[in-house]
Amino acid sequence: MILIKNVLVVSIILTFFSPKLFAQSPNFLIPPTEFKAFDTPNDAGETISLTWPVSPNDSPDVFYVVYIDRDKNGTFEKEVIRIKSNTSYRTSAPEIYGYKKKNSNYHYVQIFPKKVYNGETLPKKQTLYFKLAMVSDDTKVFLDTIASATAHGNLIHTKKINNFVIMIIVSAVILYFIVHARRNPNMFLRKIGGLDAVDEALGRATEMGKPVLFVHGLTSMGSISTIAAISILGRIARKIADYDANLKVVNNDPIVMSVSQEVVKESYLEAGRPDAYNSDNVFLVASEQFPYVAAVGGIMTREKPAANFFIGYFYAEALILAETGATTGAIQIAGTDAYTQLPFFITTCDYTLIGEELYAASAYLSREPMLMGTLRAQDVGKGLLIIILVLGTILASFGLTFITHLFEAF
Amino acid sequence: MNFLKRTVPLVIAFVMGVLMAMQYYVPHRLSQDLLEVVSRWDRIIAGFAVFIGAYSLFHLHWTRIKRKVEGWGYSVFVYFGAIITLIFGFLNGGEFFWNNKQEGTMFDWLYYYVQVPAGATIFSILAFFIASAAYRTFRARTNESTVLLIAAVLVMLGRVPIGNYISQYIPAIADWIMAVPNLAAKRGILLGVSLGAIATSLKIIFGIERSYLGGGD
């Protein structure tokens, strides 16, 4: 008899304290204690955030349903979101709540009022009201609290301030070294083998009477690597005009082609050889990846250029182009910031400009003091980053991870 | 003339460069709208540029045919392909091009049964080129290439079931190579690239780098 009594007592206690058992008993839904709405920070004013603490009833069978109304005393019939009660926590919004441990004790959802009232015009600064309900099977329990918020756009993204500060510091360092370089033009630059070999490659092409092929990557003019490639093209075209060699530039983007034509034309003009410029030598071969590869590969095998330059951002075509060029016996110089393609270029080309060297090339080839100043600034920037990385590693080793979040991008 | 060719582009580059850099930090609707407008301009310019590209392509191949330069037959094929595609594109399955694009037309057939397989064929060549490039690279002629050879063999074995049959440590070693030295090198390159990109952007915004305008100064 005592045993049966004890079992009953334990069962009752377990019934009250086990969340899973609660979930199976919808009659005992205990709603969260609070419910808050607020304008989502750092957005264009299109969302409202809702948050509430977890409930002991949270389980896959129990749902949270949020209702919306424009009037505080409205009927709250419009359902705005329905989530399983064991999902959507503040941990999914580190840009608002950071990385606190207690974030997993609160639910968090974002509401897009314009999508909810699709087709209806919402006045600016419209305050919206929300009601939260817990639902399990036929049971629905409403919170008494009605939360309200007004969505408005923000002028500054506060979570990007770290990025802004870094940009200002790096920009200041670069500008300082540009000004410094004007006063001290004899700046030491470490040798970049690939760029020293440009003269050798062009000389070889001139002696052999064969063309130099400049292959652009696949990205458009909006890509910084394409802009860097255009700068290098300008320097190479100038030298080719001086050497009286033949330059062919293949493109897969019409805008890049137009800019390349203009740059090559100006370079020939600058070298005093405008008559040597032929716009048909800077041409569009194909606008899609593999037709481009087929066409450029065909040019390489038919015309057998003495030197191939692969400069810009490349994808899967990198190896096909470079390997085809290698079989023709051309001197090959590649420059890319696509780190996935670097191994292929290093394997198949005589010289490869790795990552940042692509951006350094224009300054290196021109030897203009102001451009060379940026190279020194890049080295100083790398020094700063190394210091931060070492410091971060030491701090993280001692369990201090704040520096990781300090540099986090949102 | 110099004003139009140099000063105006430099002013546009400076104003738009600063504006778009600041746009990244302003989440307000106005800022988003500005980005949308500029992106739309970009698409419109790209649309017009297609005509320039097409002119360049056809002019080049017409010159090759006219002068009967070596391989001019390929240029005939460019015209043949372009004309066939244009005809079926304009016909649009009998509904003509001013109506919505029809499905299952000859235009689609050309795309799915000519262009796509031809592209896939070129892509498939990559497998053979990887093999030949790997053979050249993995010849252990120097200390560096020996290290590369050992690392590559371990990673390749670690990625296939036979690696686990040989030793259970091989997949773990492969994972370590990818997650530690490989990732460290990759991040090093990326950091350098990012600094280079910032420096290049600043050079363009402040008009220090002008070679993209044509000429060196």
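Below, read A as the first sequence line, B as the second, and so on, with proteins coming before strands; counting in each chain starts at 1.
- Contacts of A/E303 with chain B are made by side-chain atoms alone, with heavy-atom separations under 4.5 Å and no backbone atom involved.
- With contacts defined as side-chain heavy-atom distances shorter than 4.5 Å, the pair A/I386/B/L191 does not qualify.
- By the 4.5 Å heavy-atom criterion applied to side chains, A/Y339 and B/V193 are not counted as neighbours.
- In this structure, no portion of A/Q289 lies under 4.5 Å from any heavy atom of chain B.
- Looking at A/F410, only its backbone comes within 4.5 Å of chain B, counting heavy atoms on both sides.
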ask   = Does the pair B/K203 and A/L371 meet the rule for a side-chain contact (heavy atoms from CB on, under 4.5 Å), with working shown?
value = CA-CA 8 Å; B/K203 280 188 280 184; A/L371 291 178; 3.4 Å; yes
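- Contacts between B/L190 and chain A at a heavy-atom distance below 4.5 Å involve the side chain alone, from C-beta outward.
- Among all heavy-atom pairs drawn from A/I255 and B/A49, the shortest one is CG1-CB, 3.5 Å.
- Both the backbone and the side chain of A/A294 come within less than 4.5 Å of a heavy atom in chain B.
- Using a 4.5 Å heavy-atom threshold, the side chains of A/R302 and B/Y74 count as touching.
- Looking only at side-chain heavy atoms (C-beta outward), B/M22 and A/F164 come within less than 4.5 Å of each other.
- Ranked by heavy-atom pairs under 4.5 Å with chain B, the list A/T324, A/I178, A/T374 is led by A/T374.
- Looking at A/L269, neither its backbone nor its side chain comes within 4.5 Å of chain B, counting heavy atoms on both sides.
- A/N154 is not listed as a side-chain neighbour of B/H28, based on a closest heavy-atom distance of 4.5 Å or more.
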request  = Mind running salt bridge (Lys or Arg N to Asp or Glu O under 4.0 Å) on A/R235 and B/E209 for me, showing each step along the way?
outcome  = CA-CA 12 Å; A/R235 311 291 177 199; B/E209 173 70 82; 3.4 Å; yes
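- For B/I52, the parts sitting under 4.5 Å from any heavy atom of chain A are the backbone and the side chain alike.
- Interface residue A/L155: backbone and side-chain heavy atoms are both found under 4.5 Å from chain B.
- Not a single donor-acceptor pair under 3.5 Å links the side chain of B/S56 to the backbone N or O of A/F283.
- When B/V26, B/T63, B/L30 are compared by the number of non-hydrogen pairs under 4.5 Å with chain A, B/V26 comes out ahead.
- Contact annotation for A/M167: only side-chain heavy atoms (C-beta onward) come within less than 4.5 Å of a heavy atom of chain B.
- Between B/R29 and A/E46, some side-chain heavy-atom pair lies under the 4.5 Å cut-off.
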task = Go through the steps to decide whether A/D280 and B/H59 satisfy the test side chain to side chain donor-acceptor pair (under 3.5 Å), and finish with yes or no.
result = CA-CA 8 Å; A/D280 277 352; B/H59 183 258; 2.9 Å; yes
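- Using a 4.5 Å cut-off between heavy atoms, A/L342 touches chain B through its side chain atoms alone.
- Proximity to chain B is limited to the side chain of A/F344, based on heavy atoms less than 4.5 angstrom apart.
- For A/A360, no part sits under 4.5 Å from any heavy atom of chain B, backbone or side chain.
- Ranking A/E356, A/K160, A/H157 against chain B, the residue ahead of the rest is A/K160, based on heavy-atom pairs under 4.5 Å.
- Residues B/L195 and A/Y359 are not in side-chain contact: their nearest non-hydrogen atoms beyond the backbone lie 4.5 Å or more apart.
- Proximity to chain B is limited to the side chain of A/L385, based on heavy atoms less than 4.5 angstrom apart.
- Only the side chain of A/E288 comes within less than 4.5 Å of a heavy atom in chain B; its backbone stays farther off.
- With a 4.5 angstrom heavy-atom cutoff, A/I354 touches chain B only via side-chain atoms.
- When each of A/E317, A/E323, A/K382, A/E357 is scored by its heavy-atom pairs under 4.5 Å with chain B, the top score falls to A/E323.
- Neither the backbone nor the side chain of A/V173 comes within contact range of chain B; no heavy atom of the residue lies under 4.5 Å from a heavy atom of that chain.
- Heavy-atom pairs under 4.5 Å with chain A peak, among B/Y24, B/F51, B/F128, at B/Y24.
- Expressed to the nearest 0.5 Å, how far OG of A/S279 lies from CG of B/L60 amounts to 9.5 Å.
- Ranking A/D43, A/L358, A/T348, A/I346 against chain B, the residue ahead of the rest is A/D43, based on heavy-atom pairs under 4.5 Å.
- Heavy-atom distances place no part of B/Y55 under 4.5 Å from chain A, backbone and side chain included.
- With a 4.5 Å cut-off on non-hydrogen atoms, B/R187 does not touch chain A at all.
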